[in-house]
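For the numbers below, each heavy atom of this structure counts, side chains included, while hydrogens, waters and symmetry mates do not. Both counts, for ligands and for their atoms, begin at 1 and track the order of listing.
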Amino acid sequence: MGIRTGEQYIEALKARKPEVWLNGRLVENVFDEPYFKQPILEIAKLFDLQHDPAYQDDLTHICEETGERVANSFLFPRSYEDIMKRSKAFEVVARQTYGLMGRTPDFLNSVVTSLAQNSWFLKKYNEDWAKNIENYYRHLRDNDLFLTHAIVNPQNDRSKNSHQQSDTFTHLGVVEERKDGIVVRGAKMLATLAAITDEVIIYSFPGFAPGDERYALAFALPIDTKGLKIICREPAQDGTRSTFDHPLASRYEEMDALLIFEDVFVPWDKVFLYNNVEAANLLYPMTGIAEQPAHQSGVRGYIKLAFAVEVACKVADSIGVDQYLNVSRDLGELVQSVEVIRALLRTAEREYTITEHGEARLNPDTLETIRGMMPEMYPRAIEVLQTIGAGGLLMMPTEADFLNEELRPSIDRHYGGREGVDAELRIKIFKLAWDLCGEAFGMRALQYERYYTGDPIRKRSIFYNKFKKNHSFDLVESILSKEDKGVKETVK
Ligand SMILES: Cc1cc2nc3c(=O)[nH]c(=O)nc-3n(C[C@H](O)[C@H](O)[C@H](O)COP(=O)(O)OP(=O)(O)OC[C@H]3O[C@@H](n4cnc5c(N)ncnc54)[C@H](O)[C@@H]3O)c2cc1C
Ligand SMILES: O=C(O)Cc1ccc(O)c(O)c1
């Protein structure tokens with residue numbers, strides 16, 4: 001089939017009945033649910049974009065294997081040209097949602113593509129796992145499906161491993177092995193957009209210890225599989241808030257959810273890894289499963305940061321405060337942070353290497369630097385936005401006030417900005433800013449930047465330890481090895 005349209009995506013959603021819990025009730029039909037409607041339409045637009053002549057070449061290519069048109073996120077990167085085709089596609093998608101939707105279909109397309117391209121790794125342990133991921137990749141690519149993923153064990157007791165938790169199935173593990181597959185039980189977090197996807201893939205960050213065998217697994221299933229409970233967090237919008245009042249929250253809310261598997265059957269052909277602590281711990285370092293999706297995340301994060309910085313500049317300009325040194329200094333810092341991320345991205349792409357299996361892989365250290373810097377740069381942009389908008393962020397009228405004829409002359413008189421910025425423009429800019437830096441929507445978007453790729457604290461520490469192990473410290477060694485001349489002799 002190849003690329004789907006938005007309508008085909010929506011028809012598939014309507015045909016399914018996943019067990020989605022929201023605000024204490026079971027959702028009857030996700031498409032008709034006001035909380036999900038607009039986000040579904042935003043995702044549908046992304047599918048439609050693949051058919052738009054203005055974007056088709058940037059987003060898709062003809063698949064060598066099937067002759068059908070498929071998304072560029074399914075392209076096996078084998079050269080710099082492939083890397084840049086993927087990069088362009090990630091950027092087109094990110095711009096549609098201003099980088100605010102992190103888990104658009106291209107993210108998990110990249111995860112499955114990296115696993116399939118590196119199926120040699122799974123093959124070392126089990127030929128079937130390799131065959132299964134290759135077939136799953138084709139299934140995803142050729143039907144243009146939309147996935148969610150849950151790869152972290154819920155916190156429960158972080159001081160203990162999975163097999164030491166109070167209940168054997170607090171964390172997701174295998175409860176029964178059958179001739180035709182496995183039965184899984186337990187919970188996994190944090191599946192962004194789960195309610196409105198087609199399928200779910202489960203795998204894990206490394207960290208398994210001996211005894212954790214039943215938890216060391218990877219598999220995929222349709223999202224409406226019997227026994228899979230999706231419990232959504234409290235929504236940041238209810239589907240009734242206007243785009244005037246909440247230009248971002250009303251459109252780009254990405255619902256997160258805990259997944260609970262209550263004795264869910266997984267057929268063997270959907271199992272990619274099972275009962276193997278070593279393979280589960282090596283999945284990240286040995287396959288491109290960190291780097292390929294991190295390319296998508298890097299491009300998307302760059303657009304999101306650039307957007308937040310533009311909003312900060314507009315807020316400052318609209319009330320004439322960017323003439324003050326403190327404000328222009330802070331804005332200069334933000335603009336430079338966007339430049340840093342852009343430069344890192346271009347460097348990571350340019351400094352690719354070809355693995356012995358033919359994958360063109362971005363410079364992992366540069367990618368990891370983006371992942372290390374964004375949890376500081378993005379919150380800093382939000383902090384500057386809060387500081388520059390100050391009290392003005394909290395005095396904006398609602399759309400209803402704005403449309404009230406009796407009130408309107410007072411609004412027009414008192415809500416304007418510097419010369420040339422009328423009340424409507426000023427209010428719109430400040431509402432945009434508040435969605436990003438004050439609303440629950442914006443705080444979730446900030447928390448996403450901190451945690452979407454794992455715990456930034458431990459990731460930095462791992463980065464340093466790897467640096468220490470592989471770095472020769474030539475500069476310091478060189479000065480230390482110079483001959484000492486004694487305190488009284490002049491250094492030449
Ligand atoms: C908005 C959002 C969306 C997300 N979407 C997804 C998704 O779609 N799919 C998905 O799978 N995941 C998703 N994630 C989850 C993400 O992968 C995790 O939040 C991330 O891996 C961090 O894990 P944690 O939240 O369990 O924090 P924890 O690991 O529990 O950390 C909590 C705190 O304790 C400290 N800590 C914990 N353990 C240790 C330790 N061993 N040593 C030192 N310090 C420790 C940490 O530094 C941190 O300060 C999302 C997260 C967010 C915030
Ligand atoms: O590490 C990254 O930057 C990208 C990333 C995030 C979450 C994942 O599940 C994953 O496989 C890769």
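- With hydrogens left out, the protein atom closest to atom 6 (C) of ligand 2 is Phe107 CZ, 3.6 Å, a heavy atom.
- With ligand atoms numbered from 1 in the order given, ligand 2 contributes 3 (O), 6 (C), 7 (C) to contacts under 4.0 Å with heavy atoms of Tyr452.
- The distance from ligand 2 to the heavy atoms of His149 drops below 4.0 Å at these ligand atoms: 8 (C), 9 (O).
- Residue Arg158 touches ligand 1 through its side chain alone, judged by heavy-atom distances below 4.0 Å.
- The protein non-hydrogen atom at the shortest distance from atom 25 (O) of ligand 1 is Met189 CE, 3.6 Å.
- Between Tyr9 and Ile40, some side-chain heavy-atom pair lies under the 4.5 Å cut-off.
- Looking only at atom types and distance, the side chain of Glu42 has no donor-acceptor partner in the side chain of Thr97 under 3.5 Å away.
- Ranking the protein heavy atoms by distance from atom 3 (O) of ligand 2 puts Arg371 CD, 2.6 Å first.
- In this structure, of Tyr451, Tyr203, Phe107, the residue bringing a heavy atom nearest to atom 16 (C) of ligand 1 is Tyr451.
- Using a 4.0 Å threshold on non-hydrogen atoms, atom 9 (N) of ligand 1 counts as touching the protein.
- By the 3.5 Å distance cut-off applied to N or O atoms, Ser297 is not counted among the residues near ligand 2.
- A donor-acceptor contact closer than 3.5 angstrom is absent between the side chains of Gln296 and Ser110.
- Taking the six-membered ring for Trp and thresholds of 30 and 60 degrees, Phe467 and Tyr464 have ring planes inclined between 30 and 60 degrees apart.
- Among protein heavy atoms, atom 8 (C) of ligand 2 sits closest to Tyr284 OH, 3.3 Å.
- Close contacts of ligand 1 with Thr192, meaning ligand atoms under 4.0 Å from a residue heavy atom, involve 3 (C), 4 (C), 5 (N), 6 (C), 7 (C), 8 (O).
- At the shortest separation from atom 46 (C) of ligand 1 among protein heavy atoms lies Asp455 OD2, 3.2 Å.
- Short contacts between ligand 2 and Thr453, defined as distances under 4.0 Å to a heavy atom of the residue, involve ligand atoms 1 (O), 2 (C), 3 (O).
- Residue contact check: Arg444 has heavy atoms under 4.0 Å from atoms 1 (C), 3 (C) of ligand 1.
- The protein heavy atom nearest to atom 50 (C) of ligand 1 is Leu190 CD2, 3.7 Å.
- Regarding atom 11 (O) of ligand 1, its nearest protein heavy-atom neighbour is Ile151 N, 2.8 Å.
- Here Tyr451 has no heavy atoms under 4.0 Å from ligand 2, in either its backbone or its side chain.
- Contact annotation: for Arg458 versus ligand 1, heavy atoms closer than 4.0 Å belong to the side chain alone.
- Seen from the ring of Phe107, Arg103 counts as a face-on cation partner, given the 6.0 Å and 45° thresholds.
- Among Glu449, Gln155, Arg233, the residue whose heavy atom sits closest to atom 24 (P) of ligand 1 is Gln155.
- The pair Arg214-Glu177 fails the salt-bridge criterion, with no side-chain N (NZ, NE, NH1 or NH2) lying under 4.0 Å from an Asp/Glu carboxylate O.
- Remark: the Thr170 side chain and the Asn156 side chain contain no N/O donor-acceptor pair separated by less than 3.5 Å.
- For atom 12 (C) of ligand 2, the nearest non-hydrogen atom of the protein is Ile289 O, 3.6 Å.
- The contact set between ligand 1 and Asp256, taken as ligand atoms under 4.0 Å from a residue heavy atom, comprises 3 (C).
- Those atoms of ligand 1 that come under 4.0 Å of a heavy atom in Val152, given as number and element, are 17 (O), 21 (O), 26 (O).
- Residue contact check: Arg103 has heavy atoms under 4.0 Å from atoms 5 (N), 6 (C), 7 (C), 8 (O), 9 (N) of ligand 1.
- For Arg25 and Glu33, the salt-bridge test passes: some basic side-chain N is under 4.0 Å from an acidic carboxylate O.
- Between Ala294 and ligand 2, not a single N/O pair is under 3.5 Å apart.
- Salt bridge status for Lys466 with Glu368: absent, with no side-chain N to carboxylate O gap under 4.0 Å.
- Under a 4.0 Å N-O distance rule, the pair Arg241/Glu439 qualifies as a salt bridge.
- No side-chain N or O of Glu310 forms a donor-acceptor pair with one of Tyr98 less than 3.5 Å apart.
- Ring planes of Phe219 and Phe261: perpendicular class, angle over 60° (limits at 30 and 60°).
- Checked for salt-bridge contact, Asp128 and Lys131 meet the test: a charged N lies under 4.0 Å from a carboxylate O.
- Below 4.0 Å from some heavy atom of Ile457 lie the following atoms of ligand 1, by number and element: 47 (O).
- Distance from atom 21 (O) of ligand 1 to its nearest protein heavy atom, with residue and atom name: Gly454 CA, 3.2 Å.
- In the model, Arg86 has a side-chain atom that pairs as donor or acceptor with a side-chain atom of Gln292 under 3.5 Å.
- We find that Asp198 and Arg4 are joined by a salt bridge, their nearest charged nitrogen and carboxylate oxygen being less than 4.0 Å apart.
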